[in-house]
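The figures that follow rest on heavy atoms only: side chains count, while hydrogens, waters and symmetry mates do not. Throughout, protein chains are lettered first and strands after them, A, B, ... in sequence-line order, and every chain is numbered starting at 1.
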2 protein chains.
Amino acid sequence: MGVMAQTSGTLDVRRGILDTAHRIVGVKGFSGVGLNEILVAAGVPKGSFYHYFGSKEAFGEALLADYFEDYLAAIDTTFAEPGLSHAERLMNYWRQWQATQGSIDYQRKCLAVKLAAEVSDLSEPMRLALKRGTAGILDRVTGAIAAGVAEGTLRIAGAPREAAEALYHVWLGASLMAKIERSDAPFAAAMTTTRRVLNPQPA
Amino acid sequence: MGVMAQTSGTLDVRRGILDTAHRIVGVKGFSGVGLNEILVAAGVPKGSFYHYFGSKEAFGEALLADYFEDYLAAIDTTFAEPGLSHAERLMNYWRQWQATQGSIDYQRKCLAVKLAAEVSDLSEPMRLALKRGTAGILDRVTGAIAAGVAEGTLRIAGAPREAAEALYHVWLGASLMAKIERSDAPFAAAMTTTRRVLNPQPA
DNA sequence: GCCCGATTAGACCGGTCGTCTAGAGGGAGG
DNA sequence: CCTCCCTCTAGACGACCGGTCTAATCGGGC
């Protein structure tokens with residue numbers, strides 16, 4: 001069977017499809033791309049698709065799950081960076097958001113922003129993947145805010161969870177406006193709002 | 001030519017297509033629906049479509065323009081309602097947002113929320129229609145905030161434009177989250193944020 | 001050399017957008 | 001009252017692309 005060798009090959013193919021898809025779906029959306037385009041771009045024969053995924057919908061679910069897995073790991077890294085206050089770590093997170101969404105680098109475009117509206121009325125499994133992912137983000141941001149408050153580097157009115165939700169909404173909305181306006185002015189506005197909400201203090 | 005009689009009939013057909021499309025596109029998105037489905041639902045033969053619209057894209061642009069025309073007119077009505085303070089009118093606007101987006105009434109779903117991410121990478125004319133529409137909303141909200149501040153029923157930190165952008169971002173983001181979570185909790189959170197930002201005072 | 005599971009090729013059918021030809025409808029002008 | 005002519009309707013049609021599935025191929029292990 002060559003389990004080892006073939007398994008690694010198999011996983012590479014799956015990864016290749018997922019990575020390619022992230023790039024393309026991040027621009028064209030989910031209904032807007034055909035499997036064909038993704039498969040050709042990934043150099044994977046069309047016939048193979050149903051060996052790796054059960055359907056286009058199951059594939060979309062996997063794409064989202066895979067995306068959030070990476071994304072949450074990246075947040076954990078940012079929020080654990082040594083030598084920084086919780087306030088600084090949190091502000092770094094928003095800075096990264098601005099940097100990745102504002103750039104022309106489609107590779108890393110946020111699938112949550114791109115797909116939320118399109119997909120949540122279309123597919124229940126995909127909607128739930130989105131729900132799990134965003135809940136994970138909200139949990140982490142809430143934790144970081146609470147830590148900053150406890151540490152004294154953040155001063156907020158109300159509960160950490162409320163602030164986290166408010167800020168996540170702001171950045172989601174700013175991302176939508178940035179797409180509409182093709183400008184990163186909305187992110188600058190979001191950053192101003194963020195500072196007003198969090199009142200970051202020097203450590 | 002029968003200009004009058006035929007014109008009214010003609011406009012009815014166009015209206016019918018647009019209204020039906022609003023309902024369907026509001027659920028399925030733009031790439032997610034075929035002209036066929038819309039036309040059948042509207043009871044309009046396919047051949048007529050290209051008499052009224054040049055292409056699917058031009059139709060999408062018209063759909064958005066039409067949507068925002070109504071939407072902006074509704075805002076103007078809300079912001080001109082007699083016997084209310086500017087603060088009350090503004091809070092009514094957000095309440096209406098919550099009511100229409102939170103409901104199951106797809107007829108009136110916000111096309112800006114639904115289509116922004118999907119369409120702004122897909123079609124420049126549609127993106128510009130979105131840009132014009134959202135700019136109109138932002139202008140009106142900014143005006144209402146400024147009026148409330150001048151009147152003394154609103155107390156904000158910073159410029160009215162900043163507050164308007166922050167709040168519009170919040171409500172856009174909350175609408176996305178409401179879709180993802182299938183809950184109107186995000187709107188409740190947005191309302192809390194809104195009150196914190198605007199500090200509405202009794203007249 | 002054979003076996004057998006992992007992988008692929010390509011057919012399949014239904015739907016996509018857009019086009020095109022024919023003709024129905026109904027006021028205007030003689 | 002009849003004809004003209006333009007607006008609008010009708011829906012078949014083409015070329016193409018969608019997701020899915022079956023049947024065949026590939027290639028390592030024995």
Side-chain angles (χ1 to χ4, degrees), chain A residues 1-21 24-25 27-64 115 118-119 121-126, chain B residues 1-21 24-25 27-64 115 118-119 121-126:
Chain A
M1 240 215 287
V3 176
M4 275 307 123
Q6 291 210 355
T7 295
S8 93
T10 283
L11 291 183
D12 284 353
V13 171
R14 214 185 117 99
R15 267 251 70 72
I17 297 176
L18 253 12
D19 288 345
T20 306
I24 300 179
V25 171
V27 179
K28 299 199 165 188
F30 186 72
S31 302
V33 226
L35 264 10
N36 231 346
E37 183 177 351
I38 296 171
L39 266 2
V40 168
V44 173
K46 189 173 181 180
S48 297
F49 180 82
Y50 283 85
H51 177 70
Y52 297 102
F53 304 98
S55 66
K56 194 190 184 190
E57 185 181 28
F59 158 71
E61 191 187 352
L63 178 65
L64 251 9
L115 299 181
E118 180 188 352
V119 140
D121 293 324
L122 180 72
S123 156
E124 194 65 1
M126 289 181 76
Chain B
M1 239 215 287
V3 177
M4 274 307 122
Q6 291 210 354
T7 294
S8 92
T10 282
L11 290 184
D12 284 351
V13 172
R14 213 185 118 99
R15 269 250 69 76
I17 297 176
L18 253 13
D19 288 345
T20 305
I24 300 179
V25 171
V27 180
K28 299 198 165 189
F30 187 72
S31 303
V33 227
L35 263 11
N36 233 347
E37 182 177 353
I38 296 171
L39 266 2
V40 168
V44 173
K46 188 162 188 190
S48 295
F49 179 83
Y50 285 88
H51 178 71
Y52 295 101
F53 305 99
S55 64
K56 193 190 184 189
E57 184 181 28
F59 158 69
E61 191 187 352
L63 179 64
L64 252 7
L115 298 182
E118 180 188 351
V119 140
D121 293 323
L122 180 72
S123 156
E124 195 63 4
M126 289 181 77

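When rounded to the nearest whole Å, the span between CG of A/Leu39 and C1' of C/dG10 equals 14 Å. When the P atom of C/dT7 is taken as reference, atom CZ of A/Arg14 falls 12 Å away, rounded to whole Å. Between B/Phe30 atom CZ and C/dT16 atom C1' the separation is 13 Å, expressed in whole Å. Here C/dC12 presents its C1' atom at 14 Å from CG of A/Asn36, a figure rounded to the nearest Å. Nucleotide D/dC17 holds its C1' atom 14 Å from the CD1 atom of A/Ile38, rounded to whole Å. Whole-Å rounding puts the A/Asp12 CG to C/dT7 C1' distance at 15 Å. Atom CZ of B/Phe49 is separated from atom P of D/dT7 by 20 Å (rounded to the nearest Å).
Candidate nucleotides D/dT7, C/dT7, C/dA9 were compared by shortest atom distance to the side chain of A/Ser48, and C/dT7 ranks first. When each of C/dG18, D/dT9, C/dT7 is scored by its nearest atom to the side-chain atoms of A/Tyr52, the top-ranked nucleotide is C/dT7. When distances are taken from the side chain of B/Lys46 to each of C/dT19, D/dT9, C/dT7, the shortest belongs to C/dT19.
Within 4.0 Å of B/Gly47, counting heavy atoms only, lies at least one base atom of the nucleic acid. Using a 4.0 Å heavy-atom criterion, one finds that A/Val44 contacts no nucleic acid atom at all.
In this structure, the separation between CE on A/Met126 and CG on A/Leu115 is 5.5 Å, given to the nearest 0.5 Å.
Put simply, the side chain of B/Glu57 never gets that close to the backbone of B/Pro125: no donor and acceptor are under 3.5 Å apart.
Listed pair A/His51 / C/dA6 fails the phosphate criterion, with no side-chain N or O lying under 4.0 Å from OP1 or OP2.
In this structure, A/Lys56 is not positioned above the aromatic face of A/Phe49 in the sense of NZ or CZ being under 6.0 Å from the six-membered ring centre and within 45° of the axis.
Between A/Ser123 and A/Glu61, the side chains place no donor N or O within less than 3.5 Å of an acceptor N or O (distance only, hydrogens not considered).
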